[in-house]
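Take a look at the structure below.
Predicted model, so just to flag it, every value in this text is computed and none were measured. Letters A, B, ... mirror the listed sequences (proteins, then strands); counts begin at 1.
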Amino acid sequence: MSPAPRRDGPRDLSPQSESGVPGFQPASVHRGEPFSKTPPARRTGASLLPGPATPDPSARVPLEGFPLHPRVVEILRETGIRELYPPQAEALAPVLAGKSLLLACPTSSGKSLVAYMALVHAALEGRRGVYIVPLRALASEKYQDLEPFRRLGLKIGLTMGERDLSSEELEGIDILVSTSEKVDSLLRHRNPWMDRVGVVVADEVHLLRDPGRGPTLEVSLTRLRRRQRGLQVVALSATVGNSQDLARWLSAVHVASAFRPVPLHPGVFREGVLSFLDGSEKPQPSRGTAVEQLVHGALDEGGQALVFVNSRRSTVSVASALSRGVGARLSEGSRAALQEVLSDLDRVGEEETESVRQLRSLVPHGVAFHNASLTNPERAVVERAFREGKLRCLVATTTLAMGLNLPARRVIVRDTTRYDEALGSPVALPAMEVQQMLGRAGRPRYDPYGEAVLIARDLSEEEELRERYLTAPPENVESRLASVAVLRTHVLALVASGEVRSWEELEDFLRSTYYGQEESIEALGAHLRAARAFLETNGLLRGGEPLRATDFGHLTSDLYLDPVSAVLLRRALSRASPSTPPIAYLATLASTPDLAPLYLRAGEEADMTARYAGLAPALLLKPEEDELLPDFDSFLGTLKTASLLEAWLDDRRTLVEITGTFHIGAGDLRTRVERAEWLLSAMAELARRERRGVARALDLLSLRVRYGIREELSELVLLRGIGRVRSRLLYDAGWRDVATLAKADLPAVSGVLGSPALAEGVLDQARSYHHPSRAVRLPPADRGEA
DNA sequence: GACATGACTATCTAGACAGCATGTC
DNA sequence: CTAGATAGTCATGTC
């Protein structure tokens with residue numbers, strides 16, 4: 001959806017040419033013995049404590065010492081890389097020898113370069129490679145970083161989200177950059193390209209511990225490794241407690257290091273004084289809150305500041321509290337630069353959003369906020385402005401810590417707790433997460449050092465923060481495979497794609513997962529039986545052996561649906577008729593686990609209960625009748641989601657009005673809409689097999705959800721460049737279908753759309769438009785547009 | 001009289017990945 | 001069962 005944000009490229013990986021780089025720890029290299037019986041060491045990873053300050057000029061290793069292709073060295077030189085950091089050098093040697101590697105070190109210490117070299121080196125030897133990343137934004141970034149290597153004749157591919165590569169396109173690809181779910185999908189579809197992969201890079205592999213998405217990566221890596229003995233795996237991890245365990249699982253050389261290209265000064269702020277771990281202290285400007293003092297202090301020293309808070313509301317309020325002081329510290333030149341940011345913001349979307357309104361009042365002061373209520377293009381504008389130094393201060397939620405590396409001289413983590421809904425109270429953040437945020441301190445090439453600051457109210461809190469987050473190593477990475485929901489999905493996928501054909505093969509597979517290394521798979525027994533019972537009872541798997549998926553099971557796995565979602569969609573379809581109203585379908589989607597429900601605010605419960613009473617007769621699924629549905633209270637939240645989507649279908653309602661009514665951000669609406677559109681097309685696909693009469697209605701609804709339009713606009717919207725806003729303009733100007741529009745003259749259309757170039761393009765399309773014989777079918781060209 | 005300040009209270013709480021298969025009016 | 005920030009409301013204080 002969003003254009004890939006511009007990045008600095010691999011140059012960031014180059015050692016700083018100016019100042020000496022003090023304070024790195026020599027990399028500890030450990031040849032991980034495959035399948036060794038020695039018990040794994042627990043939580044031995046480095047903390048944020050800087051290593052002994054031993055500036056060693058010989059630490060940087062010239063590229064010439066490595067068996068790299070001369071033209072690779074040449075390309076690296078052109079991007080500014082002549083030498084390697086110590087951990088890069090430690091890691092590169094085994095990688096170029098074809099060995100697997102687990103590299104655990106801090107953000108921005110140059111892990112990616114090692115991965116790029118592994119992929120390029122292998123590709124030049126004729127071995128295909130995949131670069132697996134957890135986020136779309138990272139996929140775009142890596143893809144762009146690999147761009148220069150095309151000159152070696154290598155074909156680089158990118159696949160994520162709706163962005164598919166045809167099998168012909170894929171065939172010529174040497175290096176594929178992909179999100180982990182997309183890799184999983186390629187494996188499920190038994191894509192033949194995957195058969196000849198010789199090297200796999202797993203970025204941010206510590207995300208294996210994420211309960212939602214970790215298992216997908218774990219299963220994919222297991223599948224790839226089982227498929228090919230001797231597959232080279234290059235796993236990149238943040239600093240974690242037990243990276244040796246991961247290395248052992250992957251039979252990989254283990255390289256761990258606390259090295260950072262820019263030294264990090266961790267510290268705690270209390271009562272006006274910033275005390276660093278090394279014992280030094282820095283008084284801060286005395287006015288305002290702790291965050292204000294710290295931000296103003298950083299700015300006065302010429303750095304940028306990044307503040308992490310634990311709620312979206314706080315990102316806005318803290319940014320606004322900071323705006324006066326930060327604005328007062330701006331130079332004339334930077335004021336002018338901020339005007340450019342303002343105009344970037346105006347170009348970010350056809351429809352105004354609440355976030356843009358708020359940003360407009362903050363940006364002139366050199367401050368902005370960043371959270372998931374922003375749309376992707378909005379985030380990209382903010383990120384770029386901060387990276388270019390135009391914004392002096394950014395207040396963000398974890399969006400920023402998870403995604404692109406956006407470093408700043410001083411990082412301030414204001415909140416170290418997060419509200420846990422299940423618990424009903426705040427819980428302390430894991431050290432890994434806090435260190436991930438703190439680790440963003442220090443911009444390579446711009447900052448001589450980085451300052452990572454926590455805030456304490458009193459002495460005891462200060463000690464607690466130091467102990468928990470600064471001096472202790474981060475948590476261990478543990479597998480999250482042991483869950484019925486996870487096994488339901490992956491057992492189905494493994495069976496449907498033919499990876500396992502018997503109970504025994506499944507157990508064998510599970511034994512070769514990371515879970516299987518760390519735990520006895522006997523412990524999975526109860527989960528497995530429950531998962532299997534669900535899949536068999538609901539007609540996704542046939543009973544008995546050999547294990548086989550039904551047609552429905554195959555379709556579910558291929559569509560990448562959660563099995564529970566698939567069952568719910570099918571149940572709903574069996575009760576649907578041509579007169580089923582859209583809200584009934586929308587409520588069905590919203591009650592599947594594939595669409596996250598909205599939070600129900602105080603007072604909305606009554607509204608939704610009333611809405612439920614009115615809608616109940618029309619609903620396809622009712623919570624009191626369906627054991628797979630959430631309980632009644634949660635169902636009201638899903639009804640709110642359905643109501644949101646219904647509001648979106650009325651293009652006469654503005655974005656600001658809709659998001660205001662439902663108390664959400666435009667970014668939240670976007671993600672719901674994307675998911676809903678996809679679920680609807682999956683439902684239409686099911687309908688084509690089981691309920692033909694409603695398939696067409698679902699296709700239409702899917703199109704309407706995609707664009708957020710009333711039915712009357714569903715034809716105009718098929719023209720490229722025409723969406724929710726413009727189709728309404730055209731329609732209200734009297735061009736209600738493509739045929740009528742084709743007869744319009746350019747100046748008139750241009751006047752309505754406000755752009756001659758756009759009008760011309762649209763008229764060209766309209767004049768060559770062929771009416772589809774079917775009601776609604778998206779032209780292939782219109783799909784897959786990012 | 002306009003507005004600043006403070007006390008008290010009700011309300012709310014991070015993030016983001018994934019698409020089959022062409023056989024019909 | 002456990003918290004804490006924020007926004008809104010209302011009262012009081014200040015020029």
Just by distance, with hydrogens left out, do A/Asp184 and A/Tyr560 show a side-chain donor and acceptor under 3.5 Å apart? yes
Could you tell me if A/Ser497 and A/Arg223 have a donor-acceptor pair between their side chains, going purely by distance under 3.5 Å? yes
Name the residue from A/Thr399, A/Thr397, A/Asn371, A/Asp668 that meets the side chain to side chain donor-acceptor pair (under 3.5 Å) definition with A/Arg312. A/Asp668
Indicate yes or no: at least one non-hydrogen side-chain atom of A/Phe308 is less than 4.5 angstrom from one of A/Asp415. no
Which nucleotides of nucleotides 10-18 of chain B have their base under 4.0 Å from a protein heavy atom (B), which only their sugar-phosphate (S), and which neither (-), written as one string 5' to 3'? --BBBBSBB
Distance under 4.0 Å to a non-hydrogen atom of chain A counts as contact; along DNA chain C, which nucleotides mark the start and end? C/dT2 to C/dA7
Please give, in whole Å, the distance from B/dG19 P to A/Leu555 CG? 13 Å
Any A/His554 side-chain N or O less than 4.0 Å from OP1/OP2 of B/dC20: no
Using a 4.0 Å heavy-atom cut-off across all strands, classify A/Val318 as base, sugar-phosphate, or nothing. sugar-phosphate
Without decimals, in angstroms, what is the distance between A/Leu686 CG and B/dG19 P? 16 Å
Would you measure the distance from the P atom in B/dA18 across to the matching atom in C/dA3 and give it in whole Å? 39 Å
Does a side-chain heavy-atom distance below 4.5 Å link A/Leu294 with A/Val411? no
Looking only at atom C1', what distance separates B/dA16 and C/dA5, rounded to whole Å? 25 Å
Tell me which one of A/Thr592, A/Thr588, A/Leu586 satisfies side chain to side chain contact (heavy atoms under 4.5 Å, CB included) with A/Leu679. A/Thr592
Minimal non-hydrogen separation, A/Leu362 against A/Ser320, with atom names: CD2-CA, 3.5 Å
Closest approach of A/Ala596 to A/Arg672 (non-hydrogen atoms, all atoms of both residues): O-NE, 3.0 Å
Looking only at heavy atoms, which two atoms of A/Arg706 and A/Arg670 are closest? And how far apart? O-NH2, 4.1 Å
Nearest-Å distance for atom pair CG/P, residues A/Asp164 and B/dC20: 6 Å
Assign A/Arg414 to base, sugar-phosphate, or nothing according to its heavy-atom contacts below 4.0 angstrom with the strands shown. sugar-phosphate
Watson-Crick or G-U stems involving DNA chain C, each at least 3 pairs long, distances under 3.5 Å, ordered by first number: B:1-13 with C:3-15
Using Watson-Crick or G-U wobble geometry with both distances under 3.5 Å, which nucleotide pairs with B/dA18? none
How about CG on A/Asp633, more than 12 heavy atoms from neighbouring residues, nucleotides or ligands closer than 6.0 Å, or not? yes
Heavy-atom count around A/Arg548 CZ within 6.0 Å, excluding the residue itself: above 12? no
